Amino acid sequence: MPVIFHSASRTFHLFNPFYSYLIKLLPDGSPGQLYFGPPLTDREDFDRLLELRNRPLQVNCSPQWDCFSLDSVKLEYPCAGTTDFRRTALEVSQPNGGRTLEPRYLRHEITPGKPKLSGLPATYVEEDSEADTLTLVLLDEPTGLQVSLRYTVFAGHAALARSVELENTGAAPLTLTRAMSFCLDLPESDYQWMEFIGGWGKERTPVLRDLAPGVTSVESVQGCSSAQENPFVILKRKETTEFAGEAVGLSLVYSGNFLLQAQVDSWETTRLMGGIHPEGFGWALYPGERFTTPEAVLAYTRSGLNGLSQTYHTLYRSRLVRGEWRDKPRPVLLNSWEAFYMDFDSKKILSLAQSAADFGVELFVLDDGWFFPRNDDTQGLGDWVVDCGKLYGGIRYLSGQIHAMGMLFGLWFEPEMVSPNSRLYENHPDWIVQTPGRQPGIGRNQYVLDLSRKDVENYLFERMEQILGPGMVDYVKWDMNRCITQPYSGALPPHRQGEFYHRYILGVYSLYERLIARFPHILFESCASGGNRFDPGMLYYAPQAWCSDNTDAIARLQIQYGTSYCYPISSIGSHVSVCPNHQLSRTTPLYTRFGVAMFGAFGYELDIRKVEELEYKWQIGLFKHYRSLLQFGDFYRLKSPFEGNIAGWMVVSRDKTKAIVGEYKILAQANAPYRRLKLAGLKPDALYSVVDFWNSRIPASASGKFNQRLDCYGDELMQAGLVTTDNSSGNTSQTELDQGDFTCKLFYLEAQP
């Protein structure tokens with residue numbers, strides 16, 4: 001059992017081969033934190049880790065305890081109004097105006113498996129043997145508020161899932177004003193805080209800072225997880241690298257307003273917390289009602305940041321993503337957007353689709369502009385009426401034609417929005433998010449529909465069902481191009497307006513869930529002006545997400561590198577797009593665009609008719625041949641594009657017999673240094689055949705029979721490195737692939753039998 005309760009010492013030991021987590025019931029019955037770190041030998045009593053001192057200005061919990069103040073111990077779920085003066089995880093407004101809470105141990109339950117979270121995305125197990133769950137139930141007697149802390153220990157992952165259920169068992173209504181998903185008090189502050197920030201077109205840039213006394217945080221109050229700050233942070237030791245050292249990760253499985261923060265107190269204790277952002281939050285909890293917080297997933301490593309990332313990659317790829325597309329190879333797609341934007345008709349679309357089919361594309365996606373009237377972004381959202389003037393025979397005819405070419409068919413939607421110039425807005429102006437008596441703001445010529453309302457959710461489900469079913473649609477790109485302002489719902493009474501933001505996200509989740517149940521075969525891809533809602537919550541419904549609207553290959557090196565710290569590359573929508581690039585006007589070689597995009601959910605976004613047929617056939621054939629390795633292998637970051645002119649990464653099969661390596665030179669240099677790329681994840685004593693894809697031009701059907709191969713042992717490739725020097729290091733004549741800026745090298749490794 002990975003969860004043990006020692007009744008004599010009142011201590012819970014949660015453990016697996018990767019970590020131990022110790023909880024002790026304190027003298028007042030509240031749960032205290034004793035330890036989180038490398039696995040410990042179990043024992044009956046870990047009381048030596050609990051230190052109680054009578055500090056100056058300390059307020060003790062009771063006259064009977066002269067050395068016990070919550071302010072100087074580590075806690076599991078600190079509450080407002082107590083002797084703990086640090087930031088709290090739970091605050092409740094009570095009928096008498098008070099906010100003090102003192103929930104104390106009532107009971108606990110240890111069960112095999114992992115319970116579902118009602119209405120919320122969360123990790124899961126398929127067999128009870130995969131995990132054990134501790135539910136620690138506390139009760140605040142004066143209010144009747146019951147607090148259930150849930151901890152799930154996975155048997156095969158260095159991860160711990162946490163959530164909280166709050167139930168009003170009292171006689172009077174309560175209002176939750178702060179309800180974090182978890183708290184973790186660590187005994188020291190010698191950490192670096194690593195966050196992932198940015199904006200449109202520059203999402204998830206890793207930023208490091210030393211923890212210092214006070215509060216460090218990332219957050220969003222935009223109604224979505226945002227491109228500015230991601231709901232994922234790492235606490236790492238200063239000496240920790242990609243391949244060695246200790247780190248703790250925190251990932252919030254949520255898509256709305258969030259807060260992740262670390263507070264360092266005067267005794268150098270670090271309090272790490274996360275959950276729904278308390279700004280503007282207020283949830284009315286009437287007698288008998290329950291509220292469940294989003295899930296937080298903690299991960300621990302002693303093997304560096306790559307090890308931490310691989311914990312999240314493996315868990316999220318196999319036990320957060322669901323449905324038939326979890327384990328199926330993702331199709332190579334072509335999206336019509338940068339080929340035509342909204343200027344198309346059936347003839348153009350079918351001509352592009354036929355070329356795509358001839359080159360080996362497996363999924364054709366019709367982006368924005370297929371509904372009426374939609375020739376620009378000022379109209380049409382919300383009505384979802386097919387423009388048969390553009391599309392002869394409608395969606396069903398077009399889909400049938402594309403299916404006949406041997407491809408799947410996909411369609412773009414932006415269901416959460418409405419255009420002012422639409423029948424829906426004309427008939428239901430009260431359905432948008434707006435504050436009464438104020439002029440609603442407008443972004444991208446659209447308003448946000450109030451998905452906290454069930455009637456709005458029902459309308460959208462019906463409209464999408466009427467298109468997806470008869471239209472024989474296999475894929476949906478779900479876009480969201482505007483954040484929420486004036487948060488207010490006309491369907492909620494004044495005292496419940498603090499519930500709006502969370503109810504909105506619950507409505508998005510509910511609409512996704514209903515569509516998935518109705519159309520389990522559809523592959524959903526989430527999008528929000530690129531990466532404005534790239535979070536674990538969305539991966540529960542859509543197994544891949546459009547990583548960024550910035551499709552420039554060199555910019556994508558940084559965006560995809562930063563994204564990989566938490567998210568598996570199978571979730572990162574990554575396309576070869578047109579040049580000059582439509583976001584940066586940069587021209588990048590086609591082979592480099594492919595060499596970056598193939599490390600993701602791969603596709604194209606350009607007019608494929610305008611390029612050399614053989615090059616595209618070769619790229620698509622190559623990707624298909626190695627797609628399973630790329631989708632299900634272990635990803636390693638090798639050289640950071642944030643730190644120099646050379647970037648590199650690789651994917652290794654789970655049995656370590658195969659690997660694909662990408663190395664990228666950003667700018668050309670005269671008389672450049674020699675280069676070696678140190679690889680990772682290989683068997684030290686295995687002899688690997690190494691092939692340069694570009695120079696060998698291996699056909700996809702070669703099945704491992706290569707010319708110009710190099711044989712090296714794994715330890716040599718990892719310790720001495722793979723020589724990647726190109727002709728820029730001398731003055732010899734250069735080949736086409738070696739010269740100029742923005743070049744790429746791709747290598748395939750296979751262990752010899």
Side-chain angles (χ1 to χ4, degrees), residues 121 196-205 218-232 251-258 277 294 321 335 337 365 367-368 377 381-382 410-419 433 441-451 460 464 475-485 487 501-502 504-512 515 523-551 555-556 559-560 562-563 566-567 571-575 583 600-601 603 605:
F196 300 84
I197 65 171
W200 179 90
K202 53 180 182 179
E203 295 90 342
R204 291 171 298 284
T205 298
V218 294
E219 59 190 343
S220 172
V221 290
Q222 299 182 43
C224 59
S225 51
S226 87
Q228 282 74 18
E229 302 183 36
N230 197 260
F232 172 65
S251 175
L252 189 65
V253 186
Y254 190 58
S255 309
N257 292 352
F258 74 90
H277 203 297
V321 171
N335 185 292
W337 182 243
V365 180
D367 211 282
D368 195 359
D377 65 6
L381 287 175
L411 205 56
W412 177 93
F413 280 91
E414 192 172 5
E416 299 166 63
M417 305 295 158
V418 63
S419 301
V433 177
I442 191 165
R444 201 175 180 255
N445 301 301
Q446 60 198 40
Y447 297 130
V448 182
L449 287 171
D450 182 1
L451 267 162
L460 291 173
M464 294 179 75
Y475 162 104
V476 167
K477 179 181 177 181
W478 183 313
D479 213 341
M480 189 279 288
N481 287 300
R482 187 197 185 288
C483 296
I484 292 175
T485 55
Y501 273 124
H502 185 55
Y504 178 90
I505 290 298
L506 293 179
V508 173
Y509 291 157
S510 178
L511 180 56
Y512 257 116
L515 289 168
L523 170 60
F524 284 89
E525 177 171 298
S526 63
C527 177
S529 284
N532 201 40
R533 199 163 64 185
F534 199 119
D535 57 68
M538 297 313 298
L539 291 186
Y540 187 72
Y541 305 97
Q544 58 193 55
W546 186 224
C547 183
S548 175
D549 280 343
N550 187 348
T551 58
R556 274 301 190 100
I559 295 168
Q560 292 175 211
T563 302
C566 182
Y567 304 100
S571 71
I572 300 174
S574 185
H575 296 173
Q583 290 77 47
E605 191 150 340

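Values below: all heavy atoms of this structure, side chains included; hydrogens, waters and symmetry mates excluded. Worth saying up front: this structure is predicted, and the values here are computed from it rather than measured.
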Legend entry - Pairwise distance OG(S526) to CG(D479) - rounded to 0.5 angstrom: 9.5 Å

Legend entry - Side-chain H-bond candidate by donor/acceptor type, S255 with R533, under 3.5 Å: no

Inset, instruction - Working to the nearest 0.5 Å, report the span between CD of Q560 and CD1 of I572. - result: 6.0 Å

Inset, instruction - Dump the intermediate steps for side-chain contact (heavy atoms from CB on, under 4.5 Å) on S419 and N445, then the final yes or no. - result: CA-CA 7 Å; S419 301; N445 301 301; over 6 Å; no

Legend entry - Ring geometry between Y512 and W478 (parallel below 30°, tilted from 30 to 60°, perpendicular above 60°): parallel

Inset, instruction - Would you indicate whether the side-chain heavy atoms of V365 and W412 approach each other to under 4.5 Å? - result: no

Inset, instruction - Calculate, to the nearest 0.5 Å, the distance between atoms CZ and CG belonging to R482 and L449 respectively. - result: 10.5 Å

Legend entry - Test log, rule side-chain contact (heavy atoms from CB on, under 4.5 Å), inputs C483 and C224: CA-CA 7 Å; C483 296; C224 59; 3.7 Å; yes

Inset, instruction - Please test R204 against F232 for side-chain contact (heavy atoms from CB on, under 4.5 Å), starting from the C-alpha separation and ending with a verdict. - result: CA-CA 10 Å; R204 291 171 298 284; F232 172 65; over 6 Å; no

Inset, instruction - Look only at the side chain of N257 and the backbone of Q222, and say whether a donor-acceptor pair between them is shorter than 3.5 Å. - result: yes

Inset, instruction - Measure the acute angle between the ring planes of H502 and Y254, then classify it against the limits of 30° and 60° as parallel, tilted or perpendicular. - result: tilted

Inset, instruction - Look up atom CG in D367 and atom NZ in K477, then write down how far apart they are to the nearest 0.5 Å. - result: 4.5 Å

Legend entry - Atom of E203, atom of A227 and distance for their closest heavy-atom approach: CG-CB, 3.8 Å

Legend entry - Interatomic spacing from CZ in F534 to OG in S226 - rounded to 0.5 Å: 13.5 Å

Inset, instruction - Locate the shortest heavy-atom distance separating S225 from S220; write the atom from each residue and the value. - result: O-CB, 3.5 Å

Inset, instruction - For the pair Y509 and Y541, name the ring-plane relationship: parallel under 30°, tilted 30 to 60°, perpendicular over 60°. - result: parallel

Legend entry - Nearest atoms (heavy-atom pairs only) where P294 meets L252: CB-CD1, 4.4 Å

Inset, instruction - Classify the side-chain pair Q583/T551 by whether it contains a donor and acceptor separated by less than 3.5 Å. - result: yes

Inset, instruction - Scan L506, V433, I484 and name whichever one has a side-chain contact (heavy atoms from CB on, under 4.5 Å) with Y501. - result: I484

Inset, instruction - Measure across L539 and S571 and return the closest heavy-atom pair with its distance rounded to 0.1 Å. - result: CD2-CB, 3.7 Å

Legend entry - CA sep, side-chain torsions, deciding dist, call: N481, E414, side-chain hydrogen bond (donor to acceptor under 3.5 Å, both in side chains): CA-CA 8 Å; N481 287 300; E414 192 172 5; 3.2 Å; yes

Legend entry - Considering all heavy atoms, the nearest I559-G201 contact: CD1-O, 3.6 Å

Legend entry - Full working for side-chain contact (heavy atoms from CB on, under 4.5 Å) between S548 and R556: CA-CA 8 Å; S548 175; R556 274 301 190 100; 3.9 Å; yes

Inset, instruction - Grab the two heavy atoms, one from V418 and one from G382, that are nearest each other, plus how far apart they are. - result: CG2-CA, 4.3 Å

Inset, instruction - Taking E229 for its side chain and E219 for its backbone only, find out whether a donor-acceptor pair lies under 3.5 Å. - result: yes

Legend entry - Interatomic spacing from CZ in F258 to CG in N230 - rounded to 0.5 Å: 6.5 Å

